[in-house]
Amino acid sequence: MHELSLMEGMVQGIQEEALRRGFTRVHQVRLEVGRLAGVEVEALRFAFGPTTEGTVLEGALLEILELPGQGLCQACGQTVEVEARFDLCPVCGEGFVALTSGTEMRVKDLDVD
Amino acid sequence: MCTTCGCGGGEAKLDGQPHSHPHPLDHSALRPGRRRISLEQSLLAKNDALAALNRQAFLERGILALNLVSSPGSGKTTLLEQTILRLRDRVPVVVIEGDQQTSHDADRIRAAGAPAVQINTGKGCHLDAHMVGHALESLSPAEGAVLMIENVGNLVCPAAFDLGEAHKVVILSVTEGEDKPLKYPDMFAAADLMLLNKVDLLPYLRFDVDRCLAFARRINPGIQILHVSAQTGEGMEAWLAWIEAGRRLAMTVRKTAAS
Ligand SMILES: Nc1nc2c(ncn2[C@@H]2O[C@H](COP(=O)(O)OP(=O)(O)OP(=O)(O)O)[C@@H](O)[C@H]2O)c(=O)[nH]1
Ligand SMILES: [Mg+2]
Ligand SMILES: [Zn+2]
């Protein structure tokens, strides 16, 4: 269940942004989470309510944009989609895939007041 | 009380005591108006910033910090006990123990002759940089010490949380099956050293060592691998030599940074 601590870290980071940038309320927060980030999107949603209580994020809408696992095959050179982090290239079946997306877990933006 | 992290607390306990922080929000500096703010901030940013503080403290004091990760029962604490017994006359060793419950492991470490702080993570499945920062306040390791951090037994979550360590060391015992590196690749990708433990049991098991090492290197071509038995002491010399080399490096880097 490390989604809970990821959410706690996010809330702290946004609380600090609130101080720095001068907002008191977040209406919506958008996250980008890669399919290979090892994070359960449902567990993030579940943790959002309890961790945001009493913060500038309380009552905010949580939107999670899932990003596919994608990379460049080191053998055939094609850009391919992968299901898991260390899968071999699904096209040629030989190359390691150097990931270009899919492992991110970040706050993209906030709608604030 | 925490001066650096301003966190809200959580249920982590240090040697059984809860810890708390002042609330960081100052409502006086606010500007009005609804707007969209682009952040592009990692969910791990907070942890990574605190890990950087820990790492800085290690650098300044020439401390070698190791983060020991594995599934439950691979032999982390036994290995630490045996390491302390062999090192303690030459090298100051201090230990941070992470478990969900109990202080059994810290008690075992103290009995082996090293100072230890027990962190109980409650429901938490890993240590984070914040807990380690607080544990360091009460441990205050000497200059040139070796700090061993025994993470919560879990091959998944600790991979993502930097504690400020120089290296993650993954311990895999031969009773766990040779395909663990493929099943939990993130951990084996994050580690610089793999200790294959309980090799004294190999005669009694069907465990293909070469296959296991090939799996580990498929995930992490640069990983170093040592074979050890915390029970019989086999392979301990190479492990101690690896630690001492890391410690010499930490002390040399500290001198060059200071001059
Ligand atoms: N045969 C054999 N047994 C070992 C070895 N190392 C540890 N053990 C045994 O494995 C069991 C678990 O060892 P621990 O050191 O408690 O393992 P751990 O990884 O610290 O466990 P957790 O902290 O609970 O995750 C104990 O019964 C140890 O005696 C070894 O090299 N050989
Ligand atoms: Mg243990
Ligand atoms: Zn290919």
Side-chain angles (χ1 to χ4, degrees), chain A residues 1-34 36-40 43-44 47-48 50-57 64 84-88 96 99 103-113, chain B residues 5-12 21 23-50 121-131 152 154 156-161 181-189 215 218-221:
Chain A
M1 272 304 286
H2 67 295
E3 285 80 2
L4 185 62
S5 32
L6 290 175
M7 273 293 155
E8 285 168 356
M10 180 198 78
V11 170
Q12 278 179 50
I14 292 177
Q15 291 275 81
E16 285 165 21
E17 284 301 317
L19 259 186
R20 225 157 58 74
R21 307 205 196 201
F23 57 86
T24 49
R25 175 142 194 239
V26 178
H27 296 278
Q28 176 184 279
V29 52
R30 290 202 298 175
L31 308 186
E32 288 180 322
V33 177
L36 314 179
V39 171
E40 284 296 332
L44 283 181
F48 187 73
T51 47
T52 53
E53 224 167 84
T55 74
V56 295
L57 281 149
I64 300 182
R85 204 153 169 174
F86 298 91
D87 274 2
L88 293 179
F96 288 105
L99 295 179
T103 60
E104 37 296 87
M105 40 168 144
R106 62 186 173 221
V107 183
K108 182 176 167 57
D109 53 29
L110 307 169
D111 283 355
V112 303
D113 234 329
Chain B
C5 61
C7 94
E11 60 175 321
H21 301 285
H23 190 263
L25 197 57
D26 167 8
H27 292 276
S28 61
L30 304 175
R31 281 186 285 112
R34 181 158 177 164
R35 60 206 186 272
R36 174 163 288 182
I37 292 179
S38 167
L39 262 193
E40 301 290 340
Q41 187 178 75
S42 163
L43 295 188
L44 287 165
K46 189 75 209 173
N47 183 75
D48 290 347
L50 294 170
T121 57
K123 284 198 275 297
C125 49
H126 59 273
L127 293 177
D128 63 33
H130 168 234
M131 302 172 195
V152 179
N154 176 345
V156 184
C157 310
F161 289 81
L182 297 185
K183 288 180 174 164
Y184 301 95
D186 291 341
M187 190 62 91
F188 290 84
F215 288 153
R218 184 192 300 179
I219 299 303
N220 182 348

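Hydrogens, waters and symmetry mates are skipped; everything else that's a heavy atom, side chains included, is used. By convention in this document, chain letters (A, B, ...) are assigned in the order of the sequence lines, proteins followed by strands, and residues within each chain are numbered from 1.
- Atoms CG and CZ, on A/Leu110 and B/Arg35 in that order, are 10.0 Å from each other to the nearest 0.5 Å.
- Annotation: side chain of A/Phe86 is not in contact with side chain of B/Asn220 (no heavy-atom distance under 4.5 Å).
- When every heavy atom of B/Leu43 is checked against every heavy atom of A/Val107, the shortest pair comes out as CD2-CG2, 3.9 Å.
- There is no contact between A/Arg25 and chain B, counting heavy-atom distances below 4.5 Å.
- In this structure, A/Glu40 places its CD atom where only 12 or fewer heavy-atom neighbours from other residues, nucleotides or ligands lie under 6.0 Å away.
- Taking A/Val112, A/Ile14, A/Thr51 one by one and counting their heavy-atom pairs under 4.5 Å with chain B, the maximum is reached by A/Val112.
- The closest side-chain heavy-atom distance from A/Ser5 to B/His126 is below 4.5 Å.
- Rounding to the nearest 0.5 angstrom, the gap separating the CG atom in A/Leu4 from the NZ atom in B/Lys123 is 8.5 Å.
- With rounding to the nearest 0.5 angstrom, the CZ atom of B/Arg36 is 6.0 Å from the CD atom of A/Gln28.
- Under the 3.5 Å distance criterion, the side-chain polar atoms of A/Asp113 are matched with a main-chain donor or acceptor of B/Arg34.
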Evaluate salt bridge (charged side-chain N to carboxylate O under 4.0 Å, His left out) for B/Lys46 paired with A/Glu16, printing each intermediate quantity in order.
CA-CA 10 Å; B/Lys46 189 75 209 173; A/Glu16 285 165 21; 2.4 Å; yes

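- Contact of A/Glu32 with chain B is made through the side chain alone, with heavy-atom distances under 4.5 Å.
- Of the residues considered (B/Pro185, B/Ala45, B/Ala49), B/Pro185 shows the highest number of contacts with chain A, using heavy-atom pairs under 4.5 Å.
- To the nearest 0.5 Å, the span separating SG on B/Cys125 from NE2 on A/His2 amounts to 7.0 Å.
- Annotation: side chain of A/Met105 is in contact with side chain of B/Leu44 (closest heavy-atom distance under 4.5 Å).
- Results of the side chain to side chain contact (heavy atoms under 4.5 Å, CB included) test with B/Leu39 over A/Arg30, A/Met10, A/Glu17, A/Lys108 single out A/Glu17 as the only residue that passes.
- The parts of B/Asp186 that come within reach of chain A are both its backbone and its side chain, each placing non-hydrogen atoms under 4.5 angstrom from that chain.
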